[in-house]
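Each remark here refers to the structure printed beneath this line.
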Amino acid sequence: MSVGPAGPVGPAQASVPQDPYAPVRDRGYLKLLLVAAAVGFPVCALAFGFLALVHVLEPLLYSDLPRALGFTGTPIWWPVPLLVLAGLLVGLTVRHLPGHGGHEPADGLSLSGAPPLSALPGVVLAALASLSFGVVLGPEAPLIALGGGLAAGALRLLRRGVPDQAAAAVGAAGSFAAISALLGSPLLGAFLLMEVSGLGGPMLGIVLVPGLLAAGIGALIFTGLGDWTGLGTYSLALHDIPKAAGPTVPEFGWALVIGVLAALAATGVRRLAVFLKGHVVRHRVPATMLMGLVVGALAVAFAAATGKSATEMLYSGQSALGSLFHDSAGYTVTALLMLILCKGLAYCASLSAFRGGPIFPALFLGAAGGVVLSHLPGLSLTAAFAMGVGAMCVAMLKLPMSSVLLATLLLGRPGLTVMPLVIVAVVVSYVVALRLTPAPAESAPAPAHLAPPDPAPGTA
(Lines give C-alpha, C1' and ligand atoms only; values in the text may rest on other atoms or scores of the structure.)
Protein backbone atom coordinates (compact mmCIF):
# COMPACT_ATOMS: atom_id res chain seq x y z
CA MET A 1 0.00 0.00 0.00
CA SER A 2 1.24 3.48 -0.83
CA VAL A 3 0.26 6.76 0.74
CA GLY A 4 -1.12 9.47 -1.52
CA PRO A 5 -1.92 13.07 -0.82
CA ALA A 6 -5.43 12.20 0.32
CA GLY A 7 -4.45 9.26 2.50
CA PRO A 8 -3.96 5.54 1.98
CA VAL A 9 -4.54 4.23 -1.50
CA GLY A 10 -5.11 0.50 -1.85
CA PRO A 11 -4.30 -1.62 -4.89
CA ALA A 12 -8.00 -1.88 -5.85
CA GLN A 13 -8.41 1.88 -5.77
CA ALA A 14 -5.21 2.53 -7.68
CA SER A 15 -6.25 0.21 -10.50
CA VAL A 16 -9.51 2.09 -11.17
CA PRO A 17 -8.87 4.50 -14.05
CA GLN A 18 -10.12 8.03 -13.64
CA ASP A 19 -12.77 9.17 -16.15
CA PRO A 20 -11.22 11.97 -18.23
CA TYR A 21 -14.67 12.95 -19.56
CA ALA A 22 -16.24 13.40 -16.14
CA PRO A 23 -16.30 17.22 -16.51
CA VAL A 24 -18.58 16.91 -19.56
CA ARG A 25 -21.17 14.97 -17.51
CA ASP A 26 -21.20 17.63 -14.82
CA ARG A 27 -23.97 20.26 -14.86
CA GLY A 28 -21.31 22.93 -14.55
CA TYR A 29 -20.05 22.06 -18.03
CA LEU A 30 -23.48 22.77 -19.52
CA LYS A 31 -23.41 26.16 -17.82
CA LEU A 32 -19.94 26.69 -19.31
CA LEU A 33 -21.34 26.00 -22.80
CA LEU A 34 -24.14 28.51 -22.24
CA VAL A 35 -21.63 31.12 -21.11
CA ALA A 36 -19.44 30.38 -24.15
CA ALA A 37 -22.44 30.82 -26.44
CA ALA A 38 -23.32 34.11 -24.78
CA VAL A 39 -19.70 35.28 -25.00
CA GLY A 40 -19.67 34.87 -28.78
CA PHE A 41 -22.14 37.71 -29.39
CA PRO A 42 -20.54 40.71 -27.63
CA VAL A 43 -16.94 39.62 -28.22
CA CYS A 44 -17.44 39.24 -31.96
CA ALA A 45 -19.33 42.51 -32.18
CA LEU A 46 -16.41 44.29 -30.50
CA ALA A 47 -13.88 42.43 -32.67
CA PHE A 48 -15.83 43.46 -35.76
CA GLY A 49 -15.83 47.07 -34.53
CA PHE A 50 -12.08 46.97 -33.93
CA LEU A 51 -11.40 45.68 -37.47
CA ALA A 52 -13.83 48.21 -38.95
CA LEU A 53 -12.05 51.04 -37.12
CA VAL A 54 -8.67 49.89 -38.44
CA HIS A 55 -10.00 49.79 -42.00
CA VAL A 56 -11.60 53.24 -41.64
CA LEU A 57 -8.40 54.77 -40.29
CA GLU A 58 -6.20 53.40 -43.11
CA PRO A 59 -7.60 55.58 -45.94
CA LEU A 60 -8.20 58.43 -43.50
CA LEU A 61 -4.49 58.60 -42.69
CA TYR A 62 -3.10 57.91 -46.17
CA SER A 63 -5.66 59.60 -48.45
CA ASP A 64 -7.95 62.03 -46.64
CA LEU A 65 -5.39 63.59 -44.28
CA PRO A 66 -2.89 64.62 -47.01
CA ARG A 67 -5.69 66.26 -49.01
CA ALA A 68 -6.98 68.04 -45.90
CA LEU A 69 -3.48 69.47 -45.43
CA GLY A 70 -3.49 70.90 -48.96
CA PHE A 71 -1.70 68.21 -50.99
CA THR A 72 -3.22 67.21 -54.31
CA GLY A 73 -2.45 63.56 -53.56
CA THR A 74 -0.46 61.46 -51.12
CA PRO A 75 3.21 62.55 -51.28
CA ILE A 76 5.69 59.74 -51.81
CA TRP A 77 7.40 60.62 -48.52
CA TRP A 78 4.15 60.55 -46.53
CA PRO A 79 4.69 57.11 -44.86
CA VAL A 80 7.90 58.25 -43.16
CA PRO A 81 6.53 60.85 -40.69
CA LEU A 82 3.35 58.82 -40.20
CA LEU A 83 5.24 55.68 -39.16
CA VAL A 84 7.64 57.63 -36.95
CA LEU A 85 4.54 58.99 -35.18
CA ALA A 86 3.23 55.42 -34.92
CA GLY A 87 6.53 54.41 -33.30
CA LEU A 88 6.18 57.21 -30.76
CA LEU A 89 2.61 56.21 -29.88
CA VAL A 90 3.41 52.51 -29.59
CA GLY A 91 6.61 53.12 -27.62
CA LEU A 92 4.82 55.32 -25.09
CA THR A 93 1.96 52.82 -24.80
CA VAL A 94 4.28 49.87 -24.22
CA ARG A 95 6.33 51.78 -21.65
CA HIS A 96 3.61 53.45 -19.60
CA LEU A 97 0.34 51.49 -19.85
CA PRO A 98 -0.40 48.18 -18.07
CA GLY A 99 0.16 45.04 -20.10
CA HIS A 100 2.94 46.47 -22.31
CA GLY A 101 0.56 46.71 -25.28
CA GLY A 102 0.22 42.95 -25.61
CA HIS A 103 2.70 40.23 -26.51
CA GLU A 104 5.93 40.75 -28.44
CA PRO A 105 5.26 39.60 -32.04
CA ALA A 106 8.94 38.73 -32.54
CA ASP A 107 8.38 35.88 -30.08
CA GLY A 108 5.81 34.30 -32.40
CA LEU A 109 2.13 33.65 -31.79
CA SER A 110 1.67 32.43 -28.24
CA LEU A 111 -1.08 32.09 -25.66
CA SER A 112 -0.20 32.95 -22.08
CA GLY A 113 -3.71 33.22 -20.68
CA ALA A 114 -6.31 35.94 -20.99
CA PRO A 115 -4.90 39.38 -20.10
CA PRO A 116 -6.57 41.35 -17.29
CA LEU A 117 -9.09 44.04 -18.18
CA SER A 118 -6.60 46.72 -17.10
CA ALA A 119 -4.24 45.64 -19.93
CA LEU A 120 -6.83 45.86 -22.73
CA PRO A 121 -6.69 49.67 -23.30
CA GLY A 122 -2.97 49.35 -23.96
CA VAL A 123 -3.54 46.39 -26.29
CA VAL A 124 -6.10 48.37 -28.29
CA LEU A 125 -4.06 51.57 -28.49
CA ALA A 126 -0.82 49.83 -29.48
CA ALA A 127 -2.61 47.72 -32.08
CA LEU A 128 -4.46 50.69 -33.59
CA ALA A 129 -1.29 52.75 -33.78
CA SER A 130 0.50 49.84 -35.44
CA LEU A 131 -2.09 48.44 -37.83
CA SER A 132 -3.83 51.60 -39.05
CA PHE A 133 -0.57 53.49 -39.59
CA GLY A 134 0.74 50.83 -41.97
CA VAL A 135 3.03 48.62 -39.88
CA VAL A 136 3.61 45.19 -41.46
CA LEU A 137 1.71 43.12 -38.88
CA GLY A 138 -1.75 41.54 -38.71
CA PRO A 139 -4.72 41.90 -36.35
CA GLU A 140 -4.88 38.30 -35.10
CA ALA A 141 -2.79 38.67 -31.92
CA PRO A 142 -4.66 41.75 -30.62
CA LEU A 143 -7.97 40.04 -31.40
CA ILE A 144 -6.95 36.94 -29.43
CA ALA A 145 -5.97 39.12 -26.47
CA LEU A 146 -9.13 41.24 -26.68
CA GLY A 147 -11.45 38.27 -27.01
CA GLY A 148 -9.88 36.36 -24.15
CA GLY A 149 -9.49 39.37 -21.87
CA LEU A 150 -13.04 40.63 -22.39
CA ALA A 151 -14.62 37.22 -21.91
CA ALA A 152 -12.67 36.25 -18.79
CA GLY A 153 -12.92 39.76 -17.32
CA ALA A 154 -16.68 39.95 -17.84
CA LEU A 155 -17.15 36.56 -16.17
CA ARG A 156 -15.13 37.66 -13.13
CA LEU A 157 -17.13 40.91 -12.88
CA LEU A 158 -20.47 39.11 -13.06
CA ARG A 159 -19.55 36.27 -10.72
CA ARG A 160 -17.18 36.73 -7.83
CA GLY A 161 -14.94 33.84 -6.87
CA VAL A 162 -14.96 32.15 -10.28
CA PRO A 163 -12.41 29.28 -10.38
CA ASP A 164 -9.34 30.02 -12.45
CA GLN A 165 -10.01 26.97 -14.66
CA ALA A 166 -13.50 28.21 -15.56
CA ALA A 167 -12.23 31.73 -16.26
CA ALA A 168 -9.47 30.29 -18.49
CA ALA A 169 -12.01 28.20 -20.45
CA VAL A 170 -14.29 31.21 -21.00
CA GLY A 171 -11.28 33.33 -21.95
CA ALA A 172 -10.24 30.72 -24.50
CA ALA A 173 -13.80 30.74 -25.90
CA GLY A 174 -13.56 34.51 -26.29
CA SER A 175 -10.30 34.17 -28.18
CA PHE A 176 -11.85 31.50 -30.44
CA ALA A 177 -14.80 33.75 -31.19
CA ALA A 178 -12.65 36.80 -31.97
CA ILE A 179 -10.15 35.09 -34.28
CA SER A 180 -12.16 32.45 -36.13
CA ALA A 181 -14.26 34.68 -38.38
CA LEU A 182 -11.14 36.63 -39.35
CA LEU A 183 -9.50 33.44 -40.62
CA GLY A 184 -12.53 32.52 -42.70
CA SER A 185 -13.45 29.35 -40.80
CA PRO A 186 -14.34 28.52 -37.16
CA LEU A 187 -12.65 25.14 -37.63
CA LEU A 188 -9.43 26.78 -38.77
CA GLY A 189 -9.47 29.04 -35.73
CA ALA A 190 -9.92 25.99 -33.52
CA PHE A 191 -6.90 24.24 -35.06
CA LEU A 192 -4.81 27.39 -34.77
CA LEU A 193 -5.50 27.96 -31.08
CA MET A 194 -5.21 24.22 -30.38
CA GLU A 195 -1.68 24.12 -31.79
CA VAL A 196 -0.65 27.42 -30.23
CA SER A 197 -1.81 26.37 -26.76
CA GLY A 198 -0.35 22.86 -27.04
CA LEU A 199 -3.56 21.15 -25.93
CA GLY A 200 -3.74 17.40 -26.24
CA GLY A 201 -5.23 14.21 -24.91
CA PRO A 202 -8.82 13.78 -23.70
CA MET A 203 -8.86 17.35 -22.36
CA LEU A 204 -8.55 18.61 -25.93
CA GLY A 205 -12.21 18.08 -26.78
CA ILE A 206 -13.43 19.25 -23.40
CA VAL A 207 -11.69 22.60 -23.81
CA LEU A 208 -12.28 22.97 -27.55
CA VAL A 209 -16.05 22.42 -27.53
CA PRO A 210 -16.92 25.72 -25.76
CA GLY A 211 -14.49 27.49 -28.05
CA LEU A 212 -16.00 25.91 -31.16
CA LEU A 213 -19.46 26.94 -30.03
CA ALA A 214 -18.36 30.54 -29.46
CA ALA A 215 -16.48 30.52 -32.77
CA GLY A 216 -19.51 29.30 -34.73
CA ILE A 217 -21.70 31.98 -33.19
CA GLY A 218 -18.96 34.52 -33.81
CA ALA A 219 -18.84 33.65 -37.50
CA LEU A 220 -22.58 34.28 -37.74
CA ILE A 221 -22.16 37.62 -35.98
CA PHE A 222 -19.37 38.67 -38.36
CA THR A 223 -21.47 37.73 -41.38
CA GLY A 224 -24.57 39.48 -40.06
CA LEU A 225 -22.72 42.67 -39.12
CA GLY A 226 -20.91 42.67 -42.45
CA ASP A 227 -24.20 42.50 -44.37
CA TRP A 228 -25.98 44.98 -42.10
CA THR A 229 -23.25 47.63 -42.17
CA GLY A 230 -22.08 47.01 -45.73
CA LEU A 231 -18.47 46.86 -44.50
CA GLY A 232 -17.85 43.21 -45.36
CA THR A 233 -16.65 40.49 -43.03
CA TYR A 234 -12.87 41.11 -43.08
CA SER A 235 -12.48 37.38 -43.74
CA LEU A 236 -9.27 35.95 -45.13
CA ALA A 237 -10.94 33.69 -47.72
CA LEU A 238 -10.29 34.55 -51.39
CA HIS A 239 -12.98 34.46 -54.07
CA ASP A 240 -13.22 33.67 -57.80
CA ILE A 241 -10.20 31.37 -57.80
CA PRO A 242 -10.01 29.49 -61.12
CA LYS A 243 -10.18 25.71 -61.14
CA ALA A 244 -6.81 24.10 -60.44
CA ALA A 245 -5.30 21.17 -62.30
CA GLY A 246 -4.23 18.07 -60.42
CA PRO A 247 -0.70 17.92 -58.98
CA THR A 248 2.08 16.88 -61.34
CA VAL A 249 5.44 15.22 -60.73
CA PRO A 250 7.42 18.43 -61.42
CA GLU A 251 5.20 20.29 -58.93
CA PHE A 252 6.07 17.77 -56.21
CA GLY A 253 9.71 18.63 -56.94
CA TRP A 254 8.86 22.31 -56.64
CA ALA A 255 7.20 21.57 -53.28
CA LEU A 256 10.58 20.47 -51.95
CA VAL A 257 12.25 23.62 -53.29
CA ILE A 258 9.57 25.96 -51.95
CA GLY A 259 9.71 24.29 -48.54
CA VAL A 260 13.46 24.79 -48.25
CA LEU A 261 13.38 28.39 -49.56
CA ALA A 262 10.56 29.37 -47.19
CA ALA A 263 12.40 27.88 -44.20
CA LEU A 264 15.56 29.82 -45.07
CA ALA A 265 13.66 33.07 -45.61
CA ALA A 266 11.63 32.74 -42.40
CA THR A 267 14.71 31.90 -40.36
CA GLY A 268 16.38 35.05 -41.63
CA VAL A 269 13.32 37.16 -40.83
CA ARG A 270 12.98 35.71 -37.35
CA ARG A 271 16.66 36.06 -36.44
CA LEU A 272 16.85 39.66 -37.65
CA ALA A 273 13.63 40.53 -35.79
CA VAL A 274 14.91 39.01 -32.54
CA PHE A 275 18.25 40.81 -32.98
CA LEU A 276 16.50 44.16 -33.46
CA LYS A 277 14.14 43.48 -30.55
CA GLY A 278 17.14 43.12 -28.24
CA HIS A 279 18.06 46.74 -29.00
CA VAL A 280 14.47 48.03 -28.98
CA VAL A 281 13.67 46.85 -25.44
CA ARG A 282 16.63 48.82 -24.06
CA HIS A 283 15.49 52.10 -25.61
CA ARG A 284 11.78 51.52 -26.17
CA VAL A 285 10.45 54.89 -27.34
CA PRO A 286 13.30 56.18 -29.55
CA ALA A 287 14.01 52.69 -30.94
CA THR A 288 10.35 52.14 -31.84
CA MET A 289 10.32 55.50 -33.62
CA LEU A 290 13.46 54.45 -35.47
CA MET A 291 11.81 51.19 -36.56
CA GLY A 292 8.85 53.24 -37.80
CA LEU A 293 11.29 55.37 -39.78
CA VAL A 294 12.77 52.21 -41.31
CA VAL A 295 9.33 50.89 -42.35
CA GLY A 296 8.41 54.27 -43.85
CA ALA A 297 11.71 54.56 -45.73
CA LEU A 298 11.25 51.05 -47.17
CA ALA A 299 7.76 51.98 -48.36
CA VAL A 300 9.13 55.10 -50.07
CA ALA A 301 11.94 53.07 -51.68
CA PHE A 302 9.44 50.51 -53.00
CA ALA A 303 7.19 53.21 -54.45
CA ALA A 304 10.10 55.05 -56.07
CA ALA A 305 11.58 51.88 -57.59
CA THR A 306 8.35 50.34 -58.92
CA GLY A 307 6.02 53.29 -59.52
CA LYS A 308 3.35 51.60 -57.38
CA SER A 309 1.67 52.96 -54.28
CA ALA A 310 3.58 52.68 -51.01
CA THR A 311 0.48 51.21 -49.37
CA GLU A 312 0.93 48.06 -51.50
CA MET A 313 4.00 47.33 -49.36
CA LEU A 314 2.58 48.53 -46.04
CA TYR A 315 0.05 46.83 -43.77
CA SER A 316 -0.33 43.12 -43.10
CA GLY A 317 -1.12 42.10 -46.67
CA GLN A 318 -4.39 40.40 -45.67
CA SER A 319 -6.58 42.47 -47.98
CA ALA A 320 -3.93 42.45 -50.74
CA LEU A 321 -3.72 38.66 -51.11
CA GLY A 322 -6.64 38.54 -53.52
CA SER A 323 -5.29 41.29 -55.76
CA LEU A 324 -1.84 39.70 -55.67
CA PHE A 325 -3.32 36.48 -57.07
CA HIS A 326 -5.73 37.97 -59.59
CA ASP A 327 -3.44 40.79 -60.78
CA SER A 328 -0.18 38.85 -60.72
CA ALA A 329 0.30 39.55 -64.43
CA GLY A 330 0.45 43.26 -63.58
CA TYR A 331 3.65 42.72 -61.58
CA THR A 332 6.98 42.26 -63.26
CA VAL A 333 9.34 39.80 -61.64
CA THR A 334 11.57 42.73 -60.63
CA ALA A 335 8.64 44.51 -58.95
CA LEU A 336 7.69 41.31 -57.09
CA LEU A 337 11.25 40.79 -55.88
CA MET A 338 11.37 44.42 -54.72
CA LEU A 339 8.05 43.92 -52.93
CA ILE A 340 9.33 40.79 -51.17
CA LEU A 341 12.60 42.47 -50.14
CA CYS A 342 11.06 45.70 -48.82
CA LYS A 343 8.08 44.05 -47.13
CA GLY A 344 10.32 41.36 -45.62
CA LEU A 345 12.64 43.94 -44.07
CA ALA A 346 9.66 46.03 -42.91
CA TYR A 347 8.22 42.83 -41.39
CA CYS A 348 11.42 42.36 -39.37
CA ALA A 349 11.33 45.96 -38.12
CA SER A 350 7.63 45.70 -37.26
CA LEU A 351 8.06 42.41 -35.39
CA SER A 352 10.84 43.88 -33.29
CA ALA A 353 9.01 46.94 -31.95
CA PHE A 354 5.30 47.25 -32.80
CA ARG A 355 2.22 45.32 -31.75
CA GLY A 356 0.21 42.96 -33.93
CA GLY A 357 0.22 39.42 -35.22
CA PRO A 358 2.82 37.63 -37.35
CA ILE A 359 0.49 35.50 -39.50
CA PHE A 360 -0.71 37.67 -42.38
CA PRO A 361 2.62 39.20 -43.46
CA ALA A 362 4.07 35.67 -43.53
CA LEU A 363 1.18 34.54 -45.75
CA PHE A 364 1.70 37.48 -48.09
CA LEU A 365 5.45 36.98 -48.39
CA GLY A 366 4.98 33.27 -49.09
CA ALA A 367 2.31 34.03 -51.68
CA ALA A 368 4.49 36.65 -53.39
CA GLY A 369 7.38 34.20 -53.49
CA GLY A 370 5.11 31.58 -55.02
CA VAL A 371 3.97 34.03 -57.71
CA VAL A 372 7.62 34.72 -58.60
CA LEU A 373 8.40 31.01 -58.88
CA SER A 374 5.27 30.37 -60.99
CA HIS A 375 7.05 32.10 -63.87
CA LEU A 376 9.40 29.10 -64.03
CA PRO A 377 8.58 25.90 -65.98
CA GLY A 378 6.49 23.13 -64.40
CA LEU A 379 4.73 25.19 -61.73
CA SER A 380 1.18 26.56 -61.96
CA LEU A 381 0.16 29.82 -60.27
CA THR A 382 -2.44 28.27 -57.96
CA ALA A 383 -0.10 25.53 -56.72
CA ALA A 384 2.80 27.96 -56.26
CA PHE A 385 0.59 30.44 -54.41
CA ALA A 386 -0.80 27.81 -52.02
CA MET A 387 2.57 26.15 -51.36
CA GLY A 388 4.25 29.49 -50.71
CA VAL A 389 1.54 30.47 -48.22
CA GLY A 390 1.70 27.17 -46.31
CA ALA A 391 5.49 26.85 -46.29
CA MET A 392 6.15 30.41 -45.11
CA CYS A 393 3.40 30.21 -42.50
CA VAL A 394 4.73 27.03 -40.90
CA ALA A 395 8.31 28.28 -40.98
CA MET A 396 7.31 31.40 -39.03
CA LEU A 397 4.72 29.90 -36.67
CA LYS A 398 5.75 26.22 -36.30
CA LEU A 399 2.06 25.20 -36.61
CA PRO A 400 1.90 22.54 -39.37
CA MET A 401 -1.79 21.61 -39.24
CA SER A 402 -2.95 25.22 -39.18
CA SER A 403 -0.57 26.11 -42.02
CA VAL A 404 -1.97 23.38 -44.29
CA LEU A 405 -5.52 24.46 -43.50
CA LEU A 406 -4.74 28.14 -44.04
CA ALA A 407 -3.19 27.53 -47.43
CA THR A 408 -5.94 25.24 -48.71
CA LEU A 409 -9.07 26.84 -47.24
CA LEU A 410 -7.81 30.24 -48.39
CA LEU A 411 -8.28 29.15 -52.02
CA GLY A 412 -11.53 27.23 -51.59
CA ARG A 413 -12.07 24.16 -53.77
CA PRO A 414 -8.89 24.74 -55.87
CA GLY A 415 -6.99 24.66 -52.59
CA LEU A 416 -8.27 21.16 -51.87
CA THR A 417 -7.01 20.06 -55.29
CA VAL A 418 -3.44 21.19 -54.55
CA MET A 419 -3.51 20.08 -50.90
CA PRO A 420 -1.04 17.17 -51.46
CA LEU A 421 1.52 19.67 -52.76
CA VAL A 422 0.88 22.01 -49.82
CA ILE A 423 1.38 19.17 -47.34
CA VAL A 424 4.78 18.29 -48.85
CA ALA A 425 5.91 21.93 -48.87
CA VAL A 426 4.72 22.46 -45.29
CA VAL A 427 6.42 19.31 -43.98
CA VAL A 428 9.73 20.17 -45.69
CA SER A 429 9.61 23.76 -44.47
CA TYR A 430 8.69 22.69 -40.93
CA VAL A 431 11.55 20.20 -40.64
CA VAL A 432 14.15 22.50 -42.20
CA ALA A 433 13.04 25.47 -40.07
CA LEU A 434 13.27 23.40 -36.89
CA ARG A 435 16.72 22.18 -37.83
CA LEU A 436 17.83 25.77 -38.44
CA THR A 437 16.45 26.86 -35.07
CA PRO A 438 19.07 26.55 -32.32
CA ALA A 439 18.13 24.29 -29.45
CA PRO A 440 17.35 26.01 -26.14
CA ALA A 441 20.46 26.52 -24.06
CA GLU A 442 20.80 23.90 -21.36
CA SER A 443 20.82 25.18 -17.83
CA ALA A 444 24.18 25.26 -16.12
CA PRO A 445 24.85 22.32 -13.77
CA ALA A 446 24.27 23.00 -10.11
CA PRO A 447 27.34 23.47 -7.87
CA ALA A 448 28.59 20.32 -6.21
CA HIS A 449 27.33 21.32 -2.78
CA LEU A 450 23.80 21.94 -4.20
CA ALA A 451 23.59 18.90 -6.48
CA PRO A 452 21.20 16.14 -5.32
CA PRO A 453 22.91 13.09 -3.86
CA ASP A 454 23.33 10.01 -6.00
CA PRO A 455 20.60 7.41 -5.40
CA ALA A 456 21.50 4.57 -3.13
CA PRO A 457 22.28 1.26 -4.84
CA GLY A 458 19.16 -0.61 -5.75
CA THR A 459 16.81 2.41 -5.52
CA ALA A 460 17.34 3.86 -9.00
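FYI, side chains are in, hydrogens and waters are out, and symmetry mates aren't considered; it's all heavy atoms of this structure.
Judged purely by atom type and a 3.5 angstrom limit, S429 has no side-chain atom pairing as donor or acceptor with the backbone of A425. Side-chain atoms of S323 come within 3.5 Å of backbone atoms of A320 as a donor-acceptor pair (strictly under, hydrogens ignored). Of the possible donor and acceptor atoms, one in the side chain of W78 sits under 3.5 Å from a partner among the backbone N and O of L61. Using modelled atom types, no side-chain atom of T93 and backbone atom of G101 make a donor-acceptor pair closer than 3.5 Å. A donor-acceptor pair under 3.5 Å is formed between the side chain of Y62 and the backbone N or O of F133. No side-chain donor-acceptor contact under 3.5 Å links K343 to the backbone of L298. Side chain of S403 to main chain of V394: a donor-acceptor pair is present (N/O by atom type, distance under 3.5 Å, no hydrogens or angles). Side-chain atoms of S316 never come within 3.5 Å of backbone atoms of G138 as a donor-acceptor pair (strictly under, hydrogens ignored).
For the residue pair V90 and A129, the shortest heavy atom distance occurs at CG2-CB, 3.7 Å. Of all heavy-atom pairs between A126 and R355, the closest is CB-CG, 3.7 Å. Between I359 and E140, the shortest heavy-atom contact is N-OE2, 2.6 Å. Of all heavy-atom pairs between G278 and R282, the closest is O-NH1, 3.1 Å. Across all their heavy atoms, A145 and V123 have their closest contact at CB-CG1, 4.2 Å. When every heavy atom of L314 is checked against every heavy atom of P79, the shortest pair comes out as CD1-CB, 4.1 Å.
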Query raised in the report: Given V418 and T408, is the side chain to side chain contact (heavy atoms under 4.5 Å, CB included) satisfied, shown in steps?
Result: CA-CA 8 Å; V418 299; T408 53; 5.6 Å; no
Requested in this report: Give the intermediate values and the outcome of side chain to side chain contact (heavy atoms under 4.5 Å, CB included) for residues L53 and L128.
Outcome: CA-CA 8 Å; L53 180 58; L128 284 177; 3.8 Å; yes
Query raised in the report: Would L336 and L324 count as a side chain to side chain contact (heavy atoms under 4.5 Å, CB included) if you check the C-alpha gap in whole Å, the side-chain angles of each, and the deciding distance to 0.1 Å?
Result: CA-CA 10 Å; L336 282 171; L324 177 65; 4.0 Å; yes
**Report entry** L261 and I258: CA distance, side-chain angles, deciding distance, side chain to side chain contact (heavy atoms under 4.5 Å, CB included) verdict
**Finding:** CA-CA 5 Å; L261 292 178; I258 290 174; 5.7 Å; no
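Between L381 and S328, the closest side-chain pair of non-hydrogen atoms falls below 4.5 Å. Under the 4.5 Å side-chain criterion, counting only non-hydrogen atoms from C-beta, P66 is in contact with P75. A 4.5 Å side-chain heavy-atom check between T74 and T311 finds every atom pair outside the cut-off. Two residues are said to be in side-chain contact when any heavy atoms from C-beta on lie closer than 4.5 Å; L150 and P42 fail this criterion. Using a 4.5 Å heavy-atom cutoff, the side chains of K398 and L434 are in contact. Within the 4.5 Å cutoff, the side chain of L146 has heavy atoms near those of the V124 side chain. Under the 4.5 Å side-chain criterion, counting only non-hydrogen atoms from C-beta, V295 is not in contact with V135. Annotation: side chain of F385 is in contact with side chain of L321 (closest heavy-atom distance under 4.5 Å).
Atoms CZ and CD1, from F302 and I340 in turn, are 10.5 Å apart once rounded to the nearest 0.5 Å. Taking CG of L97 as the start and CG of L120 as the end, the distance is 11.5 Å to the nearest 0.5 Å. Atom OG of residue S352 and atom CG of residue L290 lie 9.0 Å apart, to the nearest 0.5 angstrom. Note that NE2 of H283 is 11.5 Å distant from OG1 of T288, once rounded to the nearest 0.5 Å. One distance of note links CG of L363 with CE of M396; it measures 10.5 Å at 0.5 Å rounding. Interatomic distance, CZ of R270 versus OH of Y347, reported as 9.5 Å (0.5 Å rounding).
L341 meets the side-chain contact (heavy atoms from CB on, under 4.5 Å) test with L345; sequence neighbours excluded.
Counting heavy-atom neighbours within 6.0 Å of F275 CZ, excluding the residue itself, gives a total of 12 or less.
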